[in-house]
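Indexing begins at 1, ligand by ligand and atom by atom, following the structure's order. By convention here, the first residue in the shown sequence is residue 1.
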Amino acid sequence: MTGQRETFSDIESLRIAMEKANYVASAGLAMALFCALKLNQPLLLEGEPGVGKTEAAKVFARVLNTDLIRLQCYEGIDLSEAVYEWNYPKQLLAIRIAETEKHHLEEHDLFTEEFLIERPLLKALRHKGEMSSVLLVDEVDRSDDEFEAFLLELLGESTITIPELGTFGSDRPPVVILTSNRTRDLHDALKRRCIYHWISYPDIETTISILRRHVPEASKTLLSQSAATVNRIREINHLQKPPGIAETIDWVRALVLLGVDSIEDQKAPVAWGSLIKYREDLDIVESTLRGTG
Ligand SMILES: Nc1ncnc2c1ncn2[C@@H]1O[C@H](COP(=O)(O)OP(=O)(O)OP(=O)(O)O)[C@@H](O)[C@H]1O
Ligand SMILES: [Mg+2]
C-alpha cells in the first residue's frame, strides 16, 4: 500500500481540519472517519434526514484534498448507472464511418476504452492521483437487494470486471463512505464489512457552533434561543418530522432575513415553514411552546 493514507496523524487533527472546513464533527464521527481512512475500510453513516451524513463525506474529501466521487442511489439503480456503460451512439457512429470508408471493424474494436463510459464506482476504482478518492455511495438504503449484493463484492475485493476489457483493481482504493436514512435495514453482510457510525442530532452547544458557521450574521441571542428551541421540539413525541440540522439552518437564515433578533419577536412565527414541514406538527409545536401541549 502506498503512503497516501497518512495525511492525518491523529483523530484530533482530523476533527480540527473538518471544523476549519465548517463541519463540526463529534469525536465519534472523527474517530470513525479516521479508522476508515487508516484501515481502508468502508464507513457506513446512518442517521435521521438532515443530520449531516452527505456533508460529512464532502468535507472529508475536501480536507483530504482529494476528489469526491458521488453515487446517488435510488430504487432500481443498476450497473449501467453505477459502474459503466458502453457508448452505443458512438459505437454506431464508428460502424457508419467504417462502412463509408470501407474499413473492416471487428466486434472487439467496438469494446475498447474509447467507447467506455465510466460511472462513479469504476471511476473511483480507477482514480488517478496522489490521494485515493472519496467514494460517496449516498442513500444506499434506496437501492434494492441486487445492487447491495453487487456493492458487497466491490467493497470486499476492490475490483470490477468488465467482460470485454478484463478486471480492474486499484492500488489506491477509494475511501468509501456509504450513507443511509434507514428507510430499510441493510443486510448484515454489508454492515459486517463496514465501520458503523450513527450520527445523532447534535446537542445545543454543537448546534450553536454549527449555526454560527452557516449563519454568521445571526446574533448570539438568536443562535442560542433557536438551538434550544429546536432541541426542545425534537423532544416532543409523535412529530412526523423532527427538524434536522438543514432545516434549523434554513430557519435561522429566514429569521435573520425577517430582521428577527429573538424568537419571541412577533414576526418569528412567519418563519415556521423553514423548520416544520407538516401542518399537524406545527399545531403540536406551537401549543407545546406556548406551554399548553
Ligand atoms: N456537523 C455539521 N457541521 C456543519 N454543518 C452541518 C453539520 N451537519 C449538518 N450540516 C449542514 O446541514 C445540512 C444538511 O446536511 P446533509 O445534507 O449532509 O444531511 P444528510 O444527513 O445527508 O440529510 P439527508 O438524509 O436528507 O440526505 C448541510 O447544509 C450541512 O452543511
Ligand atoms: Mg444526504
Transitive ILVMFWY side-chain link Y84 to L155, under 4.5 Å: yes

Salt bridge D281-K241, side-chain N to carboxylate O under 4.0 Å: no

Electrostatic pair R234:E48 at N-O distance under 4.0 angstrom: no

Atoms of ligand 1 close to A246 [distance to a heavy atom under 4.0 angstrom, numbered from 1]: 12 (O), 13 (C), 14 (C)

Ligand-residue contact atoms, ligand 1 with E55, heavy atoms, under 4.0 Å: 18 (O), 30 (C), 31 (O)

R96/E99 salt bridge by N-O under 4.0 Å criterion: no

Any N/O pair I249/ligand 1 closer than 3.5 Å: no

I210, any N or O under 3.5 Å of ligand 1 N or O: no

E139 and ligand 1 - part of the residue with a heavy-atom distance under 4.0 Å: side chain

Identity and separation of the nearest protein heavy atom to atom 4 (C) of ligand 1: N22 O, 3.3 Å

Distance-only N or O hit between ligand 1 and V51, under 3.5 Å: yes

Residue and atom name of the nearest protein heavy atom (relative to atom 17 (O) of ligand 1), distance in Å to one decimal: T54 CB, 4.2 Å

Any G50 heavy atom less than 4.0 Å from ligand 1: yes

Mode of H214 contact toward ligand 1 - side chain, backbone, both, neither (heavy atoms, under 4.0 Å): side chain

Gap separating the CD1 atom of I11 from the CD1 atom of I16, nearest 0.5 angstrom: 12.0 Å

Residue and atom names of protein N/O/S atoms that fall under 2.8 Å from the Mg ion (ligand 2): T54 OG1

Euclidean distance, L211 CG relative to L222 CG, rounded to 0.5 Å: 8.5 Å

Heavy-atom side-chain contact between S262 and Q225 under 4.5 Å: yes

Distance (rounded to the nearest 0.5 Å) between L135 CG and K123 NZ: 11.5 Å

Whether W86 and F111 hold their rings parallel, tilted or perpendicular, with breakpoints at 30° and 60°: perpendicular

NZ/NE/NH1/NH2 to OD/OE distance under 4.0 Å, E247 and K277: no

Residue portion contacting ligand 1 (non-hydrogen atoms closer than 4.0 Å) for N181: side chain

E75 CD: over 12 foreign heavy atoms closer than 6.0 Å: no

